[in-house]
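As a basis for the values below, the full set of heavy atoms in this structure was taken, side chains included, without hydrogen atoms, waters or symmetry mates. All of these numbers come straight from a predicted model, not from anything done at the bench.
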Amino acid sequence: MVKRDYYEVLSVAKTASGDEIKKSFRKLAMQYHPDRNGGDVEATEKFKEASEAFEVLSDAEKRAIYDRHGHEGLNQQSGGFGGFSGGNIDLSEIFGDLFGSFFGGGGGGQRRQRSGPRAGDDLQLVVDIELKEAITGVKRTINVQVEEHCTQCNGSGAKPGTQPQSCKRCGGQGVLVQRQGIFQVQTPCAACGGRGMINPDPCGGCRGAGRVNARKTVEVEIPPGLDSGNRVRLQGQGGAGDPGARRGDLELVIRVKEHRFFQRDGHNLICQWPITFSQAALGGPIEITTLTGDKVQHHLPKSLQTHEVIRITGHGIPHYRAPHKRGDLLIQVVVDTPQHLTPEMEALFKQLAVLEKAQAASPPKKSFFSKLKDWIAPE
């Protein structure tokens with residue numbers, strides 16, 4: 001197989017500085033490292049290719065040989081790429097703290113000590129709440145399916161009366177480290193599933209897993225002010241881990257239902273409210289019922305038009321991190337035309353019509369829409 005040009009592999013120019021080469025390699029290594037790609041053969045090959053290119057181009061002597069003679073020059077110099085060990089490359093300088101924690105460090109052995117018992121799995125659950133509950137907060141009882149320690153073996157996975165044994169393949173470490181170019185790649189031990197121990201005589205209750213599926217009830221208090229997409233994290237309410245390890249967490253994803261009358265806009269609430277002709281013309285007091293059922297008295301100004309908005313402060317959604325602060329209630333008024341007129345109402349409207357005609361006989365004032373028309377198409 002013909003090897004690609006090392007500069008092409010790292011996507012750098014032949015005049016690239018050492019920092020540029022290091023930066024490009026770091027990006028490729030993070031993208032294609034086997035620990036991040038779950039056994040993807042193509043990703044592993046690209047990782048090896050990038051590692052090989054970096055080992056050469058980051059070394060001034062090897063880079064000079066490669067620039068003059070290409071791959072053939074390196075083969076003649078060292079008997080093939082396998083002769084380059086990468087021992088003069090400071091990997092911690094490239095990856096910082098990530099190298100030790102993610103890639104498995106720089107030791108030369110074939111195994112690496114486990115970091116300890118594995119914590120339990122985190123769980124995620126969607127919780128639907130009403131818009132009113134987003135204002136007031138709500139307590140909920142939630143049923144969750146989680147993994148719990150098997151009561152027969154207390155989580156060991158071994159049949160009662162027996163003991164787990166250290167895995168012979170990984171020496172009880174739970175992981176294997178294999179050398180790939182200048183790196184050591186850490187993979188879970190397939191023989192013990194990364195546990196470091198095996199059960200020759202597994203527990204019948206959990207079939208050696210140490211954990212069983214169970215349902216439990218969780219009481220949760222959802223605070224006011226949350227919106228769809230917000231999350232509430234309950235520590236220690238997730239799945240059980242290895243014996244002695246912490247439990248996982250339970251994350252609740254909030255989803256606020258739509259309301260048939262009120263709409264949410266950030267911390268404000270918006271709704272439409274009907275008013276009569278006389279209220280629109282004369283103004284005056286009006287009683288408005290909020291989403292939480294409170295009765296609010298408000299004084300309407302005179303000459304209101306349909307879809308004008310009035311603001312009632314402090315009757316919106318609380319701020320999640322500052323519950324004492326609340327948004328406003330925005331009322332869009334709608335003039336309600338009566339569908340059934342009594343004789344008295346009809347007589348009054350006829351008198352109003354006469355007065356409106358008399359007012360129209362005087363020089364009219366231009367309305368907003370007339371002014372807008374003149375601006376768009378001036379005479």
Side-chain angles (χ1 to χ4, degrees), residues 122-144 216-235 237 249-342 345 368:
D122 292 338
L123 304 177
Q124 191 178 83
L125 191 67
V126 176
V127 177
D128 290 314
I129 64 174
E130 302 291 343
L131 182 57
K132 178 181 177 181
E133 294 171 336
I135 298 177
T136 61
V138 63
K139 292 182 179 180
R140 284 287 176 84
T141 300
I142 300 172
N143 294 318
V144 187
K216 72 173 184 177
T217 301
V218 179
E219 299 287 340
V220 57
E221 185 168 345
I222 299 174
L226 295 183
D227 200 355
S228 293
N230 290 153
R231 287 166 164 76
V232 176
R233 195 170 189 87
L234 305 178
Q235 293 187 347
Q237 297 293 342
D249 298 335
L250 173 61
E251 185 180 65
L252 305 179
V253 181
I254 303 302
R255 187 167 58 190
V256 182
K257 297 180 181 178
E258 292 187 0
H259 194 275
R260 63 186 179 89
F261 186 51
F262 290 87
Q263 292 182 335
R264 180 172 182 165
D265 181 20
H267 293 101
N268 295 329
L269 285 174
I270 302 173
C271 73
Q272 290 186 329
W273 198 268
I275 61 174
T276 64
F277 278 139
S278 59
Q279 287 175 318
L282 304 176
I286 186 175
E287 184 179 77
I288 295 173
T289 304
T290 68
L291 178 57
T292 56
D294 298 329
K295 305 294 184 180
V296 179
Q297 301 294 327
H298 188 80
H299 191 87
L300 296 176
K302 293 181 179 181
S303 304
L304 276 175
Q305 303 295 316
T306 290
H307 294 159
E308 282 196 47
V309 175
I310 60 176
R311 181 183 295 268
I312 302 177
T313 58
H315 285 275
I317 307 288
H319 291 237
Y320 169 55
R321 300 190 183 279
H324 61 282
K325 296 176 60 179
R326 294 185 64 166
D328 300 332
L329 175 59
L330 306 178
I331 302 293
Q332 188 181 54
V333 297
V334 178
V335 179
D336 187 18
T337 303
Q339 297 181 355
H340 303 286
L341 297 178
T342 64
M345 294 172 65
F368 169 78

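- Nearest heavy-atom pair across Thr289 and Phe262 is O-CZ, 3.8 Å.
- For the atom pair CG of Leu125 and CD of Glu251, the computed distance is 10.5 Å after rounding to the nearest 0.5 Å.
- No side-chain heavy atom of Ser228 sits under 4.5 Å from any side-chain heavy atom of Ile254.
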Go through the steps for Arg231 and Leu252 under the test side-chain contact (heavy atoms from CB on, under 4.5 Å), then give the verdict. CA-CA 5 Å; Arg231 287 166 164 76; Leu252 305 179; over 6 Å; no

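- Remark: side-chain polar atoms of Asn143 are not paired, donor with acceptor, to backbone N or O of Thr217 under 3.5 angstrom.
- Heavy atoms only, all atoms of each residue included: Gln235 and Asp249 are closest at CA-OD1, 3.1 Å.
- Here the CZ atom belonging to Arg255 is positioned 11.5 Å from the CD atom belonging to Glu258, to the nearest 0.5 angstrom.
- Using cut-offs of 30° and 60° on the angle between ring planes, the pair Phe261 and Trp273 is tilted.
- The line from CD of Gln297 to NZ of Lys295 is 9.5 Å long, rounded to the nearest 0.5 Å.
- Side chains of Val333 and Ile286 form no contact here, defined as non-hydrogen atoms less than 4.5 Å apart.
- Closest non-hydrogen pair, Ile317 versus Ala134, comes out as CG2-O, 4.3 Å.
- In this structure, the side chains of Asp227 and Val256 come closer than 4.5 Å at one or more pairs of heavy atoms.
- Nearest heavy atom pair, residue Asp122 against residue Arg233, reads OD2-NH2, 3.0 Å.
- In this structure, the separation between CD1 on Ile222 and CD1 on Ile129 is 5.5 Å, given to the nearest 0.5 Å.
- The OG1 atom of Thr292 lies 6.0 Å from the CD1 atom of Ile135; values are rounded to the nearest 0.5 Å.
- Put simply, the side chain of Arg326 never gets that close to the backbone of His324: no donor and acceptor are under 3.5 Å apart.
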Would Leu131 and Leu269 count as a side-chain contact (heavy atoms from CB on, under 4.5 Å) here? Give the steps. CA-CA 10 Å; Leu131 182 57; Leu269 285 174; 4.1 Å; yes

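- Closest approach of Ile312 and His315 over heavy atoms only: CG2-CD2, 3.6 Å.
- A heavy-atom distance below 4.5 Å is not found between the side chains of Gln332 and Leu330.
- The closest side-chain heavy-atom distance from Lys132 to His259 is not below 4.5 Å.
- Between Pro224 and Thr136 there is no side-chain heavy-atom pair separated by less than 4.5 Å.
- For Lys325, the NZ atom sits in a loose shell: 12 or fewer heavy atoms of surrounding residues, nucleotides or ligands are nearer than 6.0 Å.
- Taken to the nearest 0.5 Å, the OG1 atom of Thr290 stands 7.5 Å off from the CG atom of Leu329.
- A 4.5 Å side-chain heavy-atom check between Ile310 and Glu308 finds every atom pair outside the cut-off.
- Judged by distance alone, with hydrogens and angles left aside, the side-chain atoms of Asp328 form no donor-acceptor pair with the main-chain N or O of Asn268 at under 3.5 Å.
- A pairwise comparison of heavy atoms in Val127 and Arg140 identifies CG1-NH1, 3.7 Å as the closest pair.
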